[in-house]
Amino acid sequence: MLAIENLSVSYGDHKVIDGLTISLPLKSVHGLVGMNGAGKTTLLNTMAGFIRQDSGSIMMTGRPLKRADLSFLETENFFYSHITGREYLGLFKSPTGVQGIDAWNRMFSLPLDQLIDSYSSGMKRKLALAGVLRQEKKIVILDEPFNGLDLESSRLLSMIIARLKERGTTVIITSHILGSLTGICDHIHLLRNGKIQFSRDKGNFMNLEKDIFSDVDPAYMTLVEEIM
Amino acid sequence: MVFRLIRLRLLQVYRGSGDVGLFRVLFLAVVILPLVTLFLVQRISVHPWPYIIPGSILYVTWLVHSRRRDYHFLAAIFFRPRVLFLWEYLLFTLPVTALLLSEALYIHAIVFTAAIIIIAFSVPSRNLVNSRTVKLRIIPAGMFEWQSGIRKNLVVLVLFYVPGLFGFYHLWLSGFSLLFLTLVFVSFYSEYEPRNMLIAGGSGSLQFLLGKVARHTSLFAMILLPLIITALVHEEFRWLSAGYFLASLNLMAFSILLKYYQYRPEAYSGAHQMLTTLACIISIILPAALFFVLFNLFLIVGATRNLKTYFDAGN
């Protein structure tokens with residue numbers, strides 16, 4: 001179990017995560033949804049150890065979660081200029097070694113011997129994804145992984161996530177597109193005002209959209225009518 | 001991992017030099033590099049250069065470090081990115097350390113290395129997130145480089161500005177402030193805006209360029225004015241103070257023109273950072289500052305031509 005308890009994170013005076021508590025079963029796929037600024041990326045960054053929490057704990061099977069336990073696909077990925085895709089992937093430690101790069105690339109079909117600077121944004125996203133997956137960690141965190149991917153690649157990513165789950169990997173994934181999560185997740189959690197408002201298991205995704213937007217829709221409708 | 005990354009960094013420099021162009025690389029390697037090396041070797045033991053040279057290199061290292069974007073990336077794949085940074089900085093500043101040691105400036109070398117360690121082990125400011133800000137109503141809305149740059153460097157700017165106000169007491173204080181303020185302000189232009197911001201004004205490329213240089217340089221002049229007034233108290237150095245003041249303004253123009261000479265939408269230029277810093281250091285020798293006045297004329301033509309591509313796109 002991945003147990004997050006009473007977690008609080010602030011940027012200056014602005015509290016983004018406010019006493020968040022949640023238990024995430026391992027070896028399953030968790031979707032995290034929420035409005036812009038709800039704290040999804042902050043939560044993931046805190047789990048990855050990039051942001052220090054004000055208080056609270058993140059434990060994996062009774063011990064603090066370490067950065068070495070997970071691989072993390074950030075919303076915006078960093079690439080050194082003037083290096084090739086192969087050199088980039090070579091930076092990631094992988095059980096399959098440098099030799100495994102071509103095998104992984106059979107899924108992504110990237111021109112690995114070209115400079116990354118010449119890649120499209122979708123290709124860059126796939127390259128970052130390949131780097132994250134190549135590490136074969138027990139926990140994989142994917143922040144908005146569908147951004148910038150074409151339909152085919154999105155479908156491929158869904159298949160990869162399903163396969164990761166079969167192999168016993170815990171996947172935590174965020175997306176603005178609810179439909180992309182309902183097909184692949186075992187649990188979906190709504191983050192609002194720095195807290196988990198509710199969680200739904202796979203069997204209860206039917207009314208998810210209605211539940212999420214029930215208290216938001218009337219407020220938006222009033223605003224739209226007022227302004228336009 | 002350390003060697004793999006440093007090998008990649010060297011590969012980046014080698015491949016990046018291809019973008020600069022063969023002639024310019026040869027010019028840098030055959031003319032500029034030997035001249036700079038000669039200058040450093042000659043001056044390193046002459047007061048105050050044992051302070052200025054390592055100080056400038058430390059400043060550049062800090063600038064590069066505070067703006068680096070690979071901290072999270074390296075932290076995710078290596079877990080100890082700061083150790084990597086340290087090796088990288090030690091390697092690239094090795095010539096300066098060697099120079100200090102060769103002149104038996106051991107204390108300087110130790111302090112220099114200690115400062116490199118401190119820089120490498122601090123978290124790059126680009127990766128620190130906070131929602132605090134400062135109100136900058138005095139800066140016109142269009143000067144986004146200044147708004148962003150001042151917010152990022154407020155503490156450093158205050159630290160560099162205050163000593164200069166005491167320039168009437170000792171001229172070195174004015175010189176220190178002027179050099180480091182210029183270094184900070186010219187560094188604001190290393191990040192390039194998106195194309196829609198560039199063309200928002202609706203003017204032509206030359207008009208845009210000259211307008212921007214005039215606005216930014218005149219505001220910079222206003223900021224430097226109190227420092228210069230205090231420096232002018234020293235009658236025997238009046239012309240020198242005025243010369244350095246004009247050199248600083250020229251460097252501001254150089255930084256803006258260089259930015260648009262190499263402009264690509266939404267890019268960050270390490271080369272801009274290095275070249276502007278180098279220009280600041282070279283301009284310490286006042287006659288050499290004249291070279292950048294002439295170079296600015298060349299840059300106006302190049303930058304206008306480069307901007308034309310973006311201003312005219314879609315027409």
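Every chain is numbered from 1, with letters handed out A, B, ... down the list of sequences. Please read all numbers here as calculations on a predicted model, not as lab measurements.
Without hydrogens or angle criteria, Arg15(B) side chain to Ser81(A) main chain gives no donor-acceptor distance under 3.5 Å.
Atom CZ of Arg67(A) is separated from atom CZ of Arg80(B) by 11.0 Å, given to the nearest 0.5 angstrom. The distance from the NE2 atom of His82(A) to the CG atom of Leu11(B) is 11.0 Å, given to the nearest 0.5 Å. Taken to the nearest 0.5 Å, the CD atom of Glu74(A) stands 10.0 Å off from the CZ atom of Phe73(B). We find the CG-OH distance between Leu8(B) and Tyr80(A) to be 8.0 Å, quoted to the nearest 0.5 Å.
Atom CE of Met59(A) is surrounded by more than 12 heavy atoms from other residues, nucleotides or ligands within 6.0 Å. Within 6.0 Å of atom CG in Leu94(B), more than 12 heavy atoms from other residues, nucleotides or ligands are found, so the atom counts as buried in its surroundings. The number of heavy-atom neighbours closer than 6.0 Å to CE of Met35(A), taken from other residues, nucleotides and ligands shown, is 12 or below. At most 12 non-hydrogen atoms from other residues, nucleotides or ligands lie less than 6.0 angstrom from CZ of Arg106(A). Trp87(B) CH2: 12 or fewer foreign heavy atoms inside a 6.0 Å radius.
With sequence neighbours excluded, the residues satisfying side-chain contact (heavy atoms from CB on, under 4.5 Å) with Thr41(A) are Asn45(A), Thr75(A), Asp143(A). Applying the ring pair (Phe, Tyr, Trp, His ring centres under 6.0 Å) rule to Phe72(A) yields the partners Phe50(A); only residues at least two apart in sequence or on another chain are considered.
Contacts between Ala48(A) and chain B at a heavy-atom distance below 4.5 Å are absent for every atom of the residue.
The closest side-chain heavy-atom distance from Phe78(A) to His72(B) is not below 4.5 Å.
Leu91(A) approaches Leu5(B) most closely through the heavy-atom pair CD2-CD1, 4.1 Å.
Within residues 17-25 of chain A, no residue has a heavy atom under 4.5 Å from a heavy atom of chain B. Inspection of non-hydrogen atoms places Gln135(A) of residues 116-136 of chain A under 4.5 Å from chain B.
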I would like to know whether Gln12(B) and Ile83(A) meet side-chain contact (heavy atoms from CB on, under 4.5 Å); could you show each step before the answer? CA-CA 7 Å; Gln12(B) 276 185 284; Ile83(A) 70 167; 3.8 Å; yes
